[in-house]
Engineer: 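Here it is: the structure, laid out below.
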Amino acid sequence: MPCWRRLCAAVLLLAATAVAHTAAHAAAPIKPHIADATVKAGRERLSLDRGWLFHLGDVRQAPIVGHEESYSNAKAGNAPGAAGAEFDDSDWRRLDLPHDWAVEGPFDPKANISQGYRPRGIGWYRRYLQVDPADRGRHFELQFDAIATHATVYVNGNVVNRNWSGYNASNIDITPYLTYGDALNTISIRVDAEAMEGWWYEGAGMYRHAWLVKRAPVHVATDGVYAVPRPDKSGKGKEWSLPVEVTLNNSGKKASDVTVEVTVFDPAGKQVGRQVAKASVGVLKDATVKLPFRISDPALWSIARTNLYKVVTRVLENGKAQDEVALHTGFRTIRFDAQQGFFLNGEHLKLQGVCIHQDHAGVGVAIPDSVWEYRLRRLKELGVNAIRFSHNAPAAEVLDMVDRMGFVVMDENRNFNPSPDYMKQLEWMVRRDRHHPGIILWSVFNEEPVQGSEVGYEMVRRMAAAVKSLDDTRPVTAAMNGGFFSDLNVAHAVDVVGANYQVPDYDRFHKAYPTVPFTSSEDTSAFMTRGVFKTDKDKNQIASYDDLADAAQWGNTHRDAWEAIAKRPFVAGGFVWTGFDYRGEPTPNEWPSVSSVFGIMDLNGFPKNAYYIHQAQWIKDRPLIHIAPHWNWAGSEGKNIRVMVMANVERIELRLNGKQLGEQKADPFRMNYFNVAYAPGKLEAIGYNGGKEVVRTAVETTGEPVALELVPDRQDLAGDGRDAMPITVRALDAQGRAVPLADPVVTFKVTGGGRSIGHGNGDPTSHEDEKGATRRLFNGLAQLIVQTSYDATQPVTVEASAPGLKVATVTIPVKAVAAVPFVASADAPLTFVRTWRVAPPGDTRPNPNQKIDSFDMNTWGWGQPPMWGAAGSKFNLYRSSFTPRKNLADGNGLIRFAGIKGRAEVWINGKLVGKKDSFAAAPLDLELPAGTGKREISVIVEAEPGQGGAQGSGITGNVTIEPKK
């Protein structure tokens, strides 16, 4: 047959096939099912944390070998296995997000040391989503704040996103893939946590929040409001500009003329500015609107006064609000000076910073927002004013806390690579975070081998340009651990040079480049095990005196590192490695150590000696004094104990049992040391300013533990299912004093309106189950984290018991609060039979068991209910296949037709299982024969005589496999 004849035949065949299962009217123009005018307005941001199904391990499918399978596999919506819409997940685990599966697993000495000897592997998540038909036409976006590590996201069997980093969000338009009404939508996510991005514990799974955002067709794009204040160029600080830029998107079916309204409110809620602009947004197009503001004498944001302005953006069409989004920003000036360091609002500020990773005891990287608040509060109490989130963008909620609590931040990119996939990650971070006043530096990398080369220079030059195109109000830096002095290197491409552990080169660099701003981006790397004062290499325990022998060979002690920074005005400040211990990288140890010992605090946020060293160095507004070690040294009577006193006063005095042992001038950098012959009792340290006592502290010899104590971090909890609280667990002697060396195994029982979500004790060698019922105290302490249940009103009661000790009980009140708006869980106890083949129509009854050649994709058409018989035809044959869920395959299932018009026969695997004898439209329920495996279903529908026209017969509604009632 000539090519043109084959083409004509194909066109005719496709046309006939279309007629077989549509009700199109000849010559009628094709129009959208529902016009945009009926679409709901307004924005809903709904939590998608609830109601997920989880499977640990990959779900492998048999190889695809047949022609029909190969053809189907290549088609939209036909992802196989767990990625598909109808996969049987009835035996999967149910859970809520955030979730880190790695922290739940056992330790394995053969697993990766850097990941804390925690196996990670592959995991799958699935969730069902029901969409109201009234929402048809709205713009739907899935937002996953982070998934560790690589993720492939499917909706209704379609790949909708692939993400190549465990630290950035995925914002996914799923509008084209949705079905409405009773037919559930399936979200499937394959998570590859075998992939690594770092050399520390990264966790595994959907460890941050998930959201569903519903918007009108014309809406503000995600992260589409740019609102970063700029001071008047005169430098007088009274007049400011706020150049707001709004990016709009139109996912609707018609171009729209809209009004964009931006209103600015001061920290007290008073309106201080309003601008309105017109915009035309084409179909499936973006548009950008600029609205400049002038703000006079704003209240400045600072560490001490965290004044935040609210910027509210609304989109209106024909006077009706279509979308609204709000963010906070702050007015402040920042300046890095090559001679004098960092200035905030014109005032010098030495950066007293820490680097932190994002895992915590008991919960891994799936940290509740309120536990993040606890961690930041602990840093505030330490005297920290700057945080480097190393080496990745933090959760958005954490940056909101930073702005409210008063920290400045180095916001750091994870993957050093200017190729398109990775540049998107950097640009996402800048777009999302640029309105935060707390951010003062964009960091494009950490310690890259090419940093001293032309290659590194060219890579950073491109990445810095991308940053500046999105935000030119902050300097770009990179954390370099060498390469500063080569002819062409990264230092030539950044605004502020960041140095990791280069103390010997501080002065050399400043002499060579006196006009280049400079900061320590990472320093110290000293080792300490909380509560340990004698190094024991056999136990992987390191003493807490901050000796040079207990610092990494590339680093310094806490005292040396800060002294080098504090005494050099040109060094803007430093970021101690690290604020908290973290899992993985247990340097200088290996198994059985599973977490680091770099932290100023342990994994729970319990202080080490380094905590008090830095308090003495950093806090100036109140007198402080601390003494170490504890005073329980049975068997060492008469032997010298090395005593360390850390204070920010002028002079210190030491007393034992009321007897003065000596006085010393307080050393603000080196701290003070005494050798004291041990005798049980009370060892006191007293601080003096101007000859007057201003502060004192003491350690005492305690008795044996007789009771447990539970100390909640806060007074109450919110009953929203998200609020969580650390509870300190310790053992007391008969006089109510905490016993510093107690190590009983404690059993927890949590009842009422909450549950335990994990626990820890700060022991870097502990292999205990962090989700189990028990935990041993380590050097006198452990921590339990409890979280409320959704809609909780009952108080949470925690009971702690240990052999031979008095039981401790604490009851924490729970406040009834409104839940974060959320998407209700949608169970899937049924299977939708969605994709059907449609035989050519005819006037004679077809053979329900007729075969289709596996390579024939055109003789039979394709359809999904509702499917109507071809005009004028008497008989139509429909065929599909399905695999019933395990709980429906044993004779407990029904084949349910929501509606059939015409007489019908239903055949399963070649056998007749039921009939419909009336021509009238009606539902049909048939018992599903018991059996295993895939089923083929064929349905013959006969039109009523004289009623074989359009919509005269067919399968008129969903076909489902569901439980008998």
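What you see below is based on every heavy atom in this structure, not just the backbone, and it leaves out hydrogens, waters and symmetry mates.
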Engineer: For N672 and Q664, test the side chains for any donor-to-acceptor distance below 3.5 angstrom and give the result as yes or no.
Structural biologist: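 The answer is yes; a qualifying pair exists.
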Engineer: Kindly say whether I757 contributes a backbone atom to a donor-acceptor pair with the side chain of K771 at under 3.5 angstrom?
Structural biologist: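 Yes.
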Engineer: Regarding R208 and Q358, is there a side-chain donor-to-acceptor distance under 3.5 Å anywhere?
Structural biologist: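 A donor-acceptor contact under 3.5 Å links the two side chains.
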Engineer: Rounded to the nearest 0.5 Å, what's the gap from CG on L351 to CD1 on I387? Could you check?
Structural biologist: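 Going from CG on L351 over to CD1 on I387, the span is 12.0 Å.
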Engineer: Counting distance only, does the side-chain N/O of D523 pair as donor-acceptor with the main-chain N or O of F575 below 3.5 Å?
Structural biologist: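 Present.
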Engineer: Mind checking whether F389 and L399 have side chains closer than 4.5 Å, heavy atoms only?
Structural biologist: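 SC-SC contact between F389 and L399 confirmed.
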Engineer: Looking at CZ of R375 and CE of M401, how far apart are the two atoms once the value is rounded to the nearest 0.5 Å?
Structural biologist: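 Here the interatomic distance stands at 11.0 Å.
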Engineer: When rounded to the nearest 0.5 angstrom, what is the spacing between CG in D49 and CG in L97?
Structural biologist: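 Answer for the CG-CG pair, D49 versus L97, is 5.0 Å.
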Engineer: For the rings on W591 and Y117, is their centre-to-centre separation under 6.0 Å?
Structural biologist: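 Yes.
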Engineer: Run the numbers on V676 and V643 for side-chain contact (heavy atoms from CB on, under 4.5 Å), then give the verdict.
Structural biologist: CA-CA 7 Å; V676 179; V643 174; 3.7 Å; yes
Engineer: Could you go through the side-chain hydrogen bond (donor to acceptor under 3.5 Å, both in side chains) check for D100 and Y201 one step at a time?
Structural biologist: CA-CA 11 Å; D100 175 1; Y201 177 88; 2.6 Å; yes
Engineer: Below 30° counts as parallel, above 60° as perpendicular, anything between as tilted: where do the rings of Y501 and W554 land?
Structural biologist: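 Judged by the thresholds at 30° and 60°, the geometry between Y501 and W554 is perpendicular.
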Engineer: Go through the steps to decide whether E770 and R583 satisfy the test salt bridge (charged side-chain N to carboxylate O under 4.0 Å, His left out), and finish with yes or no.
Structural biologist: CA-CA 13 Å; E770 295 183 65; R583 293 171 172 78; 2.3 Å; yes
Engineer: Minimum heavy-atom separation for S370 and R722, please, with both atom names.
Structural biologist: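 That would be OG-O, 4.2 Å.
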Engineer: Closest approach of S756 and L784, non-hydrogen atoms and distance?
Structural biologist: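 For S756 versus L784, the nearest heavy atoms are OG-CD1, 3.4 Å.
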Engineer: Around atom CD of E637, are there more than 12 heavy atoms of other residues, nucleotides or ligands at under 6.0 Å?
Structural biologist: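 Yes - once you tally the heavy atoms of other residues, nucleotides and ligands closer than 6.0 Å, there are more than 12.
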Engineer: Below 30° counts as parallel, above 60° as perpendicular, anything between as tilted: where do the rings of H99 and W101 land?
Structural biologist: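 Tilted, since the angle between the ring planes falls between 30° and 60°.
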Engineer: Main chain of R305, side chain of S302: is a donor-acceptor contact present, judged purely on distance under 3.5 Å?
Structural biologist: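 Yes, S302 side chain to R305 backbone: donor-acceptor pair under 3.5 Å.
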Engineer: Rounded to the nearest 0.5 Å, what separation is found between the OG atom of S520 and the CZ atom of R388?
Structural biologist: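 So the OG of S520 and the CZ of R388 are separated by 9.0 Å.
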Engineer: Strictly distance-based, threshold 3.5 Å: is any side-chain N or O of D403 a donor or acceptor partner for the main-chain N or O of T306?
Structural biologist: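 No; zero donor-acceptor contacts below 3.5 Å.
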Engineer: Taking R530 as the fixed residue, which of D602, D581, D763 is the one that meets the salt bridge (charged side-chain N to carboxylate O under 4.0 Å, His left out) rule?
Structural biologist: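 Looking at D602, D581, D763, the match for R530 under the salt bridge (charged side-chain N to carboxylate O under 4.0 Å, His left out) is D602.
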Engineer: Just how far is it from atom CG of L708 to atom CG of L710, taken to the nearest 0.5 Å?
Structural biologist: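 Nearest 0.5 Å value for the CG-CG distance: 7.0 Å.
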Engineer: Can you see whether R378 engages Y611 through a side-chain donor-acceptor pair at a distance of less than 3.5 angstrom?
Structural biologist: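 Per modelled atom types, R378 and Y611 side chains form a pair under 3.5 Å.
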Engineer: Does F533 have R642 sitting over its ring (NZ/CZ under 6.0 Å from centre, angle to axis within 45°)?
Structural biologist: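 No, R642 and F533 do not form such a contact.
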Engineer: Using only heavy-atom distances, determine whether the side chains of N609 and H558 contain a donor-acceptor pair under 3.5 Å.
Structural biologist: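 The answer is no; no qualifying pair exists.
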Engineer: To check you understand the geometry: which heavy-atom pair defines the closest contact between V402 and V409, and what is its length?
Structural biologist: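 In this case the closest contact between V402 and V409 is CG1-CG2, 3.5 Å.
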Engineer: Are any of the side-chain nitrogens in E104 or R118 under 4.0 Å away from the carboxylate oxygens of its partner?
Structural biologist: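 No, E104 and R118 are not salt-bridged.
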Engineer: State, without any angle test, whether N632 and T701 hold a side-chain donor-acceptor pair at a distance under 3.5 Å.
Structural biologist: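 There is no such pair (donor and acceptor under 3.5 Å, judged by atom type) between the side chains of N632 and T701.
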Engineer: Are the side chains of D720 and Y790 in contact, using a 4.5 Å heavy-atom criterion?
Structural biologist: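 Not touching, per the 4.5 Å side-chain cut-off.
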Engineer: Do Q541 and V597 make a side-chain contact, defined as non-hydrogen atoms from C-beta onward lying under 4.5 Å apart?
Structural biologist: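 The answer is no, as the side chains (C-beta and beyond) never meet within the 4.5 Å cut-off.
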Engineer: Would you mind reporting whether H614 and V576 have side-chain heavy atoms less than 4.5 Å apart?
Structural biologist: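 V576 reaches H614 side chain to side chain.
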Engineer: Measure up the W200 and H357 rings against each other and bin them: parallel (under 30°), tilted (30 to 60°), perpendicular (over 60°).
Structural biologist: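 Parallel: the ring planes of W200 and H357 meet at under 30°.
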Engineer: Could you tell me whether a side-chain N or O of Q617 sits under 3.5 Å from a main-chain N or O of Q615, the two making a donor and an acceptor?
Structural biologist: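 Checked: no pair found.
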Engineer: Let's go through D743 and R776 carefully: what are the C-alpha distance in whole Å and the side-chain angles of both, what is the deciding distance for side-chain contact (heavy atoms from CB on, under 4.5 Å) to 0.1 Å, and is it a yes or a no?
Structural biologist: CA-CA 6 Å; D743 64 351; R776 183 182 296 275; 4.2 Å; yes
Engineer: Should N604 and F580 count as side-chain neighbours, where that means a heavy-atom distance under 4.5 Å?
Structural biologist: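 No; the side chains remain at least 4.5 Å from each other.
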Engineer: Within the 4.5 Å heavy-atom criterion, are Y545 and M528 side-chain neighbours or not?
Structural biologist: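 No, too far: nothing below the 4.5 Å cut-off.
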Engineer: So, do K350 and I565 sit near enough that their side-chain heavy atoms are less than 4.5 Å apart?
Structural biologist: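 Side-chain contact under 4.5 Å: yes.
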Engineer: Could you pull out the closest heavy-atom pair between M646 and A628, with the gap in Å?
Structural biologist: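 Minimum heavy-atom separation between M646 and A628: CE-CB, 4.1 Å.
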Engineer: Under the criterion side-chain contact (heavy atoms from CB on, under 4.5 Å), I'd like the reasoning laid out for D713 against R377: C-alpha separation, chi angles, the key distance, then a yes or no.
Structural biologist: CA-CA 11 Å; D713 176 60; R377 187 159 25 91; 2.7 Å; yes
Engineer: Under 3.5 Å, is there a donor on one side chain and an acceptor on the other for E768 and S766?
Structural biologist: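 S766 and E768 do have a side-chain donor-acceptor pair below 3.5 Å.
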Engineer: Does R775 reach the main-chain N or O of H759 with its side chain, forming a donor-acceptor pair under 3.5 Å?
Structural biologist: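 Confirmed, R775 side chain pairs with H759 backbone.
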Engineer: At their closest point, which heavy atom of P668 faces which heavy atom of A666, and how far apart are they?
Structural biologist: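 Reported closest heavy-atom pair: CD-O, 3.5 Å.
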Engineer: Measure the spacing between CG of D546 and CE of M644 and express it to the nearest 0.5 Å.
Structural biologist: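 Spacing of CG (D546) from CE (M644) equals 5.5 Å.
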Engineer: Using the rule given for side-chain contact (heavy atoms from CB on, under 4.5 Å), can you reason through H626 versus V645, listing the C-alpha separation, both sets of side-chain angles and the distance that settles it, and then say yes or no?
Structural biologist: CA-CA 6 Å; H626 188 78; V645 180; over 6 Å; no
Engineer: Closer than 4.0 angstrom, basic N to acidic O: yes or no for D667 and R559?
Structural biologist: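 Salt bridge flag = no for R559 with D667.
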Engineer: Ignoring hydrogens and angles, tell me if any N or O in the side chain of T529 forms a donor-acceptor pair with the backbone of V532 under 3.5 Å.
Structural biologist: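 Looks like no, no N/O pair under 3.5 Å.
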Engineer: May I have the list of side-chain donor-acceptor pairs in residues 679-691 shorter than 3.5 Å, sequence neighbours left out?
Structural biologist:
residue: E684; atom: OE2; partner: R696; partner atom: NH1; Å: 2.9
residue: Y688; atom: OH; partner: E653; partner atom: OE1; Å: 2.5
residue: N689; atom: OD1; partner: E650; partner atom: N; Å: 2.9

Engineer: What donor-acceptor contacts under 3.5 angstrom involve side-chain atoms of residues 796-813, with partners at least two apart or in another chain?
Structural biologist:
residue: T797; atom: OG1; partner: T811; partner atom: OG1; Å: 3.3

Engineer: Whether the side chain of N648 engages the backbone of R622 through a donor-acceptor N/O pair (distance < 3.5 Å, no angle test) should be reported.
Structural biologist: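 Judged by distance alone, yes, a pair lies under 3.5 Å.
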Engineer: How about Q787 and R755: does a side-chain donor come under 3.5 Å of a side-chain acceptor?
Structural biologist: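 The answer is yes; a qualifying pair exists.
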Engineer: Any side-chain donor paired with an acceptor under 3.5 Å for T765 and N540?
Structural biologist: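 There is no such pair (donor and acceptor under 3.5 Å, judged by atom type) between the side chains of T765 and N540.
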Engineer: A647 and I625: which non-hydrogen atoms are nearest, and at how many Å?
Structural biologist: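 In this case the closest contact between A647 and I625 is CB-CG1, 3.7 Å.
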Engineer: Any heavy-atom pair between the side chains of T524 and N556 that's under 4.5 Å?
Structural biologist: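 Side chain of N556 against side chain of T524, heavy atoms only: no contact under 4.5 Å found.
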Engineer: Applying side chain to side chain donor-acceptor pair (under 3.5 Å), name anything that partners W577, two or more places apart in sequence or on another chain.
Structural biologist: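 So W577 forms a side chain to side chain donor-acceptor pair (under 3.5 Å) with Y582.
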Engineer: Is the backbone of T774 close enough, under 3.5 Å, to the side chain of T747 for a donor and an acceptor to pair up by distance?
Structural biologist: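 Side chain of T747 to backbone of T774: no pair is present.
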